[in-house]
Amino acid sequence: MSSQIPMPVAVVGATGFQGGAVARLLAERGHRVRSLTRRPDGDRPPLPGAEFTAGGLGDPAAVRRLFEGVTHAFVTMPLVYDAELVRRYAENLARAAREAGLARLVFNANTRVPQAPTPVPAFETRRVAEDVFRGSGVPLVVLRPPVYLDNLFSPWNGPALVNDGVLAYPLPEALPTAWLSHGDLAEAAYAALTRDGLTGRTFDIGGAALTGAELAAAFGRGLGRPVRYVPLRPEVFERGLARLAGPEAAAGVAGVYHHLAAGGDPLLFAGDGGESAEALGVAPAAVSEWVARQPWHVWSNDPAQGREEHSF
């Protein structure tokens, strides 16, 4: 399949960080993007060239309108962790995709998914969605990222990193984690949408697997200062996230970190030996390179330091 031929692509989740990165990359490369949203015009992130269809995933008619005339789709589910609701969303998407005759659907599970069932809704709701899409007959590629570097360029991490050299995150220090950025996800999604020979495959995408100390060292190289890793207790993370996303979404997200902190699946977030990078033809940037590209000066308490870091 040639990536040079403009594709009409439905991007589910384009108003979020992950789907937005994919939508922007598609538009930059000349493809037509359509998304579904319940947000009013003034409350949407800037997505030049994107077309919006009003409605939500629970509305079958709105989902059908989203897929009218499109040939490809990229799907990220919202932060919903009710299994039956996610199943209904996935069934609406699968039915509309099948009726539209989609050439390919790429599902971003937004997490790795353990082989065996768990009591963790963040894993199991995505397993449910994957199963629905696989059973739909629509050509499918699944991407399973571990965790995003962009989570660390945030008001709750940026100031401590820049001003104190502290990288706090709710993963055990010894847990190997294949961090990647939203930009890396977008490149993987683009390849999954456009490269031949990928239908039916599932990819555990991610960069080089790093422990907490190795991640801190990479941040230190990018920031040009010493950085130390501090494993944050998942319950502390959950309380902070609840103030931003609400208690239900926070509990869903934090369930992953509780599971890993308890010793479940110690290699779940590790690398895949380069399998996905080879198949997709894209490899995530080194962490230190990503760090060096971010405008960390916005979190600095020191104006002079801010001017220096702006050169990154």
Side-chain angles (χ1 to χ4, degrees), residues 17-18 79 81 109-114 118-123 126 144-182 184-185 204-247 249-272 284-292 294 296 299-301:
F17 292 116
Q18 298 167 56
L79 294 180
Y81 299 104
N110 191 30
T111 182
R112 299 284 175 80
V113 178
T118 73
V120 181
F123 297 142
R126 275 46 189 173
R144 292 175 172 175
V147 64
Y148 293 106
L149 289 165
D150 306 75
N151 294 350
L152 303 174
F153 187 80
S154 64
W156 46 93
N157 285 105
L161 270 164
V162 173
N163 300 308
D164 305 315
V166 173
L167 196 171
Y169 204 74
L171 288 174
E173 195 282 331
L175 190 84
T177 301
W179 293 81
L180 79 165
S181 69
H182 293 153
D184 294 327
L185 167 70
D204 285 344
I205 59 173
L210 304 176
T211 64
E214 290 166 340
L215 178 68
F219 265 77
R221 290 191 295 274
L223 289 171
R225 64 157 299 158
V227 174
R228 62 186 176 92
Y229 184 80
V230 175
L232 190 65
R233 297 200 312 276
E235 59 270 23
V236 174
F237 169 81
E238 182 176 347
R239 286 198 297 269
L241 185 59
R243 291 193 289 270
L244 297 170
V253 173
V256 172
Y257 299 107
H258 286 289
H259 177 77
L260 295 169
D265 298 286
L267 296 179
L268 183 64
F269 279 8
D272 68 349
V287 170
S288 58
E289 294 176 7
W290 178 86
V291 172
Q294 309 312 308
W296 296 96
W299 311 118
S300 177
N301 291 334

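Sequence positions, counted from 1, serve as the residue numbers for this chain. As the structure is a prediction and not an experimental result, all values here were calculated from the model.
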Val236 and Arg239: CA distance, side-chain angles, deciding distance, side chain to side chain contact (heavy atoms under 4.5 Å, CB included) verdict: CA-CA 5 Å; Val236 174; Arg239 286 198 297 269; 3.5 Å; yes
Heavy-atom nearest pair, Thr111 first then Arg126, reads CG2-CG, 4.4 Å
Would you call Asn110 and Tyr148 a side-chain contact if the rule is heavy atoms closer than 4.5 Å? yes
How are the rings of Phe219 and Trp296 set to each other: parallel, tilted or perpendicular (split at 30° and 60°)? perpendicular
Considering all heavy atoms, the nearest Leu267-Pro176 contact: CD2-CG, 4.0 Å
Provide the closest heavy-atom pair for Trp290 versus Leu149 in the form atom of the first, atom of the second, distance. CH2-O, 3.3 Å
Where do Ala209 and Gly271 come nearest, in terms of heavy atoms and distance? CB-N, 3.7 Å
Decide yes or no for Leu241 and Tyr257: does some side-chain heavy atom of the first lie under 4.5 Å from some side-chain heavy atom of the second? no
Side-chain atoms of residues 259-266: list all donor-acceptor pairs with protein atoms under 3.5 Å, sequence neighbours left out, distances to 0.1 Å.
| residue | atom | partner | partner atom | Å |
| --- | --- | --- | --- | --- |
| His259 | NE2 | Asp265 | OD2 | 2.7 |

Pairs touching residues 208-219 that satisfy side-chain hydrogen bond (donor to acceptor under 3.5 Å, both in side chains), sequence neighbours left out: Thr211-Glu214
Rounding to 0.5 Å, atoms CG (Leu161) and CD (Gln294) come to a distance of 11.5 Å
Please determine whether side chain to side chain contact (heavy atoms under 4.5 Å, CB included) holds for the pair Trp156 and Leu232, giving the CA-CA distance in whole Å, both sets of side-chain angles, and the decisive distance to 0.1 Å. CA-CA 12 Å; Trp156 46 93; Leu232 190 65; over 6 Å; no
Shortest non-hydrogen contact between Pro234 and Pro170, atoms and distance: CA-CB, 4.2 Å
Closest non-hydrogen atoms of Asp150 and His182, given as atom of the first, atom of the second and distance, are OD1-N, 2.7 Å
If we ignore hydrogens and angles and just use 3.5 Å, is the side chain of Asn163 paired with the main-chain N or O of Trp299 as donor and acceptor? yes
Return yes if some donor-acceptor pair links the side-chain N/O of Asn157 with the main-chain N/O of Ala168 below 3.5 Å, else return no. yes
Is the backbone N or O of Ala216 less than 3.5 Å from a side-chain atom of Arg228, with the two atoms forming a donor-acceptor pair by type? no
Checking the side chain of Arg112 only, and the main-chain atoms of Ala270 only, is there a donor and an acceptor separated by less than 3.5 Å? yes
Go through the structure and list residues passing side chain to side chain contact (heavy atoms under 4.5 Å, CB included) with Pro231, not counting sequence neighbours. Tyr229
Given the rule in the side chain to side chain contact (heavy atoms under 4.5 Å, CB included) test, do Asn151 and Phe17 qualify, once you have shown the distances and angles that lead to the verdict? CA-CA 10 Å; Asn151 294 350; Phe17 292 116; over 6 Å; no
For Tyr169 and Thr177: C-alpha separation, side-chain torsions, deciding distance, then whether side chain to side chain contact (heavy atoms under 4.5 Å, CB included) applies. CA-CA 12 Å; Tyr169 204 74; Thr177 301; over 6 Å; no
Roughly how far, to the nearest 0.5 Å, is the CD atom of Glu289 from the CZ atom of Arg221? 10.0 Å
